[in-house]
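Labels below follow one simple rule: chain letters A, B, ... track the order of the sequence lines, proteins then strands, and each chain is numbered from 1.
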2 protein chains.
Amino acid sequence: MIRIENLRKTYTVGDIEVPALREVSFSIERGDFVAIMGPSGSGKSTLMNIIGCLDRPSGGRYLLDGVDVSGMSTNELAEIRNRKIGFVFQSFNLLPKTSALENVELPLFYDRYQHIDDHRGAATRALERVSLSDRLDHHPSQLSGGQKQRVAIARALVNEPYIILADEPTGNLDSTTSIDIITLFQKLNDHGITVVLVTHETEIARYTKRILELRDGTVVRDERVEKR
Amino acid sequence: MIRIENLRKTYTVGDIEVPALREVSFSIERGDFVAIMGPSGSGKSTLMNIIGCLDRPSGGRYLLDGVDVSGMSTNELAEIRNRKIGFVFQSFNLLPKTSALENVELPLFYDRYQHIDDHRGAATRALERVSLSDRLDHHPSQLSGGQKQRVAIARALVNEPYIILADEPTGNLDSTTSIDIITLFQKLNDHGITVVLVTHETEIARYTKRILELRDGTVVRDERVEKR
Ligand SMILES: Nc1ncnc2c1ncn2[C@@H]1O[C@H](COP(=O)(O)OP(=O)(O)OP(=O)(O)O)[C@@H](O)[C@H]1O
Ligand SMILES: Nc1ncnc2c1ncn2[C@@H]1O[C@H](COP(=O)(O)OP(=O)(O)OP(=O)(O)O)[C@@H](O)[C@H]1O
Ligand SMILES: [Mg+2]
Ligand SMILES: [Mg+2]
């Protein structure tokens with residue numbers, strides 16, 4: 001369902017070129033549960049942003065369900081981002097002037113097909129799943145770091161996406177809450193949702209089915225996780 | 001050097017009161033190395049902000065080097081924040097329109113006594129210590145999550161503070177880089193700097209000398225770390 005072929009991404013800073021991804025190739029089948037690991041600066045978020053149709057590669061191909069993403073229109077990409085993919089950003093990206101509940105409802109307004117009618121109910125349930133029922137009216141500045149992270153997770157789930165892309169979803173969470181979150185992802189994966197998450201914690205990666213390790217913009221390891 | 005007595009902090013959201021800290025008491029002697037742990041939302045950042053003179057408590061007392069902080073003027077508090085304390089924020093708080101180097105130089109401009117002349121040199125060395133010499137000119141949006149975190153750490157160290165307060169300084173770092181950072185804090189602590197860091201990772205806490213655990217706004221555990 002996700003096919004990456006010889007992907008390259010180079011940033012330019014002044015007259016310096018920063019090769020963030022160099023010739024990355026792999027496939028992720030529907031229903032897989034992948035952990036992307038690797039050192040700080042190795043290209044994990046860059047790769048996630050391309051998979052999530054938030055950024056375009058400098059070279060190579062990205063095929064989503066057999067279709068080359070580079071050929072898609074802005075509308076088609078927006079459609080994918082809203083209906084197919086739920087994205088948890090490494091820095092949350094919550095709207096500062098709106099409540100946790102409204103932040104989580106937002107993707108539902110952008111869904112052209114409105115396949116969910118009860119926005120308030122769906123958003124409330126999503127926040128319950130991440131144990132934030134008592135923080136619905138708080139604005140991001142009134143939430144702890146880990147609570148903001150969980151609002152970002154709830155927002156990624158509310159539209160019932162086919163693919164969840166989560167960039168360091170437990171980076172600000174204590175071990176108990178982290179285990180709640182990774183267990184939630186496991187449950188969603190058991191129901192057929194494809195999950196790709198970036199983590200730097202081997203404890204968390206152990207809950208997934210496959211580990212893709214990056215180093216300096218290339219894949220250095222691609223292994224199944226033995227026994228879950 | 002840090003004395004907390006019956007500290008309370010209550011936030012108000014609409015007409016609801018959120019008791020973030022309830023009757024917290026402890027002391028931290030000069031040269032100690034403390035890890036503050038606890039679940040998401042248990043009050044760790046709230047406590048750090050009060051110790052760092054960034055926020056005032058609702059009740060109780062905070063004495064820094066024997067002086068009650070509540071009696072200090074805005075200028076005296078700013079002085080403490082600039083010269084005595086280096087603060088690493090959970091969400092980094094970097095200036096978006098300035099480079100990594102300029103972000104790290106900033107505290108040096110605010111130092112009234114200008115005890116460091118060579119701002120560029122001091123900032124460059126601070127960034128070298130967190131392995132970011134090749135990212136000096138990048139702006140925050142051109143840095144990975146873990147690189148932003150390390151710029152925030154470098155900025156907290158550049159003014160050679162007596163106390164380092166670090167809120168989840170390794171939350172976005174892979175294990176190798178995390179160990180580099182905690183080892184750097186250990187070295188600074190060996191030179192007499194008091195270090196208080198919030199972490200949710202027991203692996204990291206093991207490098208410290210003492211663990212203070214919060215739960216629901218109170219201290220539930222205060223133990224020395226056996227053997228480092
Ligand atoms: N400005 C605020 N207004 C209202 N409530 C707040 C505010 N800031 C924090 N809170 C609440 O106070 C509690 C403690 O927050 P704090 O940020 O100290 O937690 P924390 O231990 O740092 O959590 P985390 O590990 O998730 O970062 C949380 O339940 C949070 O929702
Ligand atoms: N917009 C940009 N302009 C220039 N360089 C960039 C930009 N975004 C990222 N980079 C660089 O590309 C490299 C890869 O960044 P990326 O954010 O993908 O790393 P990462 O693996 O997610 O790191 P971390 O674990 O620290 O979050 C880094 O060295 C970073 O400095
Ligand atoms: Mg990243
Ligand atoms: Mg916090």
Side-chain angles (χ1 to χ4, degrees), chain A residues 11-16 18 20 37-46 48 89-92 94 99-100 130-132 134-150 167-168 170-178 180-181 198-205 213-215, chain B residues 11-16 18 20 37-46 48 89-92 94 99-100 130-132 134-150 167-168 170-178 180-181 198-205 213-215:
Chain A
Y11 295 110
T12 314
V13 183
D15 19 276
I16 301 177
V18 179
M37 305 189 73
S40 174
S42 54
K44 305 181 296 294
S45 296
T46 301
M48 293 288 272
F89 293 89
Q90 190 169 7
S91 50
F92 322 147
L94 302 178
S99 70
V130 297
S131 309
L132 281 180
D134 58 349
R135 290 286 180 272
L136 302 182
D137 301 326
H138 284 229
H139 287 216
S141 61
Q142 298 169 323
L143 294 171
S144 76
Q147 291 167 344
K148 285 197 269 272
Q149 189 151 41
R150 285 181 276 156
D167 197 345
E168 303 271 4
T170 62
N172 280 288
L173 301 176
D174 55 283
S175 28
T176 308
T177 318
S178 294
D180 293 344
I181 292 301
V198 173
T199 181
H200 64 259
E201 298 182 64
T202 33
E203 290 312 308
I204 297 298
E213 193 178 336
L214 290 184
R215 188 168 295 271
Chain B
Y11 294 110
T12 313
V13 182
D15 18 278
I16 300 177
V18 180
M37 306 189 73
S40 174
S42 53
K44 307 180 296 294
S45 295
T46 302
M48 292 289 273
F89 293 89
Q90 189 169 6
S91 51
F92 323 146
L94 302 178
S99 70
V130 296
S131 309
L132 281 179
D134 58 349
R135 289 286 179 273
L136 303 180
D137 301 325
H138 284 230
H139 287 217
S141 62
Q142 299 168 322
L143 295 172
S144 76
Q147 289 167 345
K148 285 197 269 271
Q149 188 151 40
R150 284 181 276 155
D167 198 344
E168 303 270 4
T170 62
N172 278 289
L173 301 176
D174 56 283
S175 27
T176 309
T177 318
S178 294
D180 292 344
I181 292 300
V198 172
T199 180
H200 65 260
E201 298 182 63
T202 31
E203 290 313 307
I204 297 299
E213 195 179 334
L214 290 183
R215 188 169 294 272

Please classify the contact between [X] and chain B as side chain, backbone, both or neither, with a heavy-atom cut-off of under 4.5 Å.
X: A:S144; value: side chain
X: A:E203; value: neither
X: A:E168; value: side chain
X: A:V18; value: side chain
X: A:T170; value: backbone
X: A:T177; value: side chain

Exercise. Between B:M37, B:H139, B:E201, B:Q149, which shows the greatest number of heavy-atom pairs under 4.5 Å with chain A?
Worked result: B:E201

Seminar exercise, completed: Most heavy-atom pairs under 4.5 Å with chain A, out of B:G146, B:S42, B:S131, belong to B:G146

Does some side-chain heavy atom of [Y] sit less than 4.5 Å from a side-chain heavy atom of [X]?
X: A:T176; Y: B:P39; answer: no
X: B:E213; Y: B:R215; answer: yes
X: A:Y11; Y: A:T46; answer: yes

Exercise. Using a distance-only test with no angle check, is there a side-chain donor-acceptor pair under 3.5 angstrom linking A:D167 and A:S45?
Worked result: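 Side chains of A:D167 and A:S45: pair found under 3.5 Å.
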
For this session: Kindly say whether A:G145 contributes a backbone atom to a donor-acceptor pair with the side chain of A:N172 at under 3.5 angstrom?
Result: no

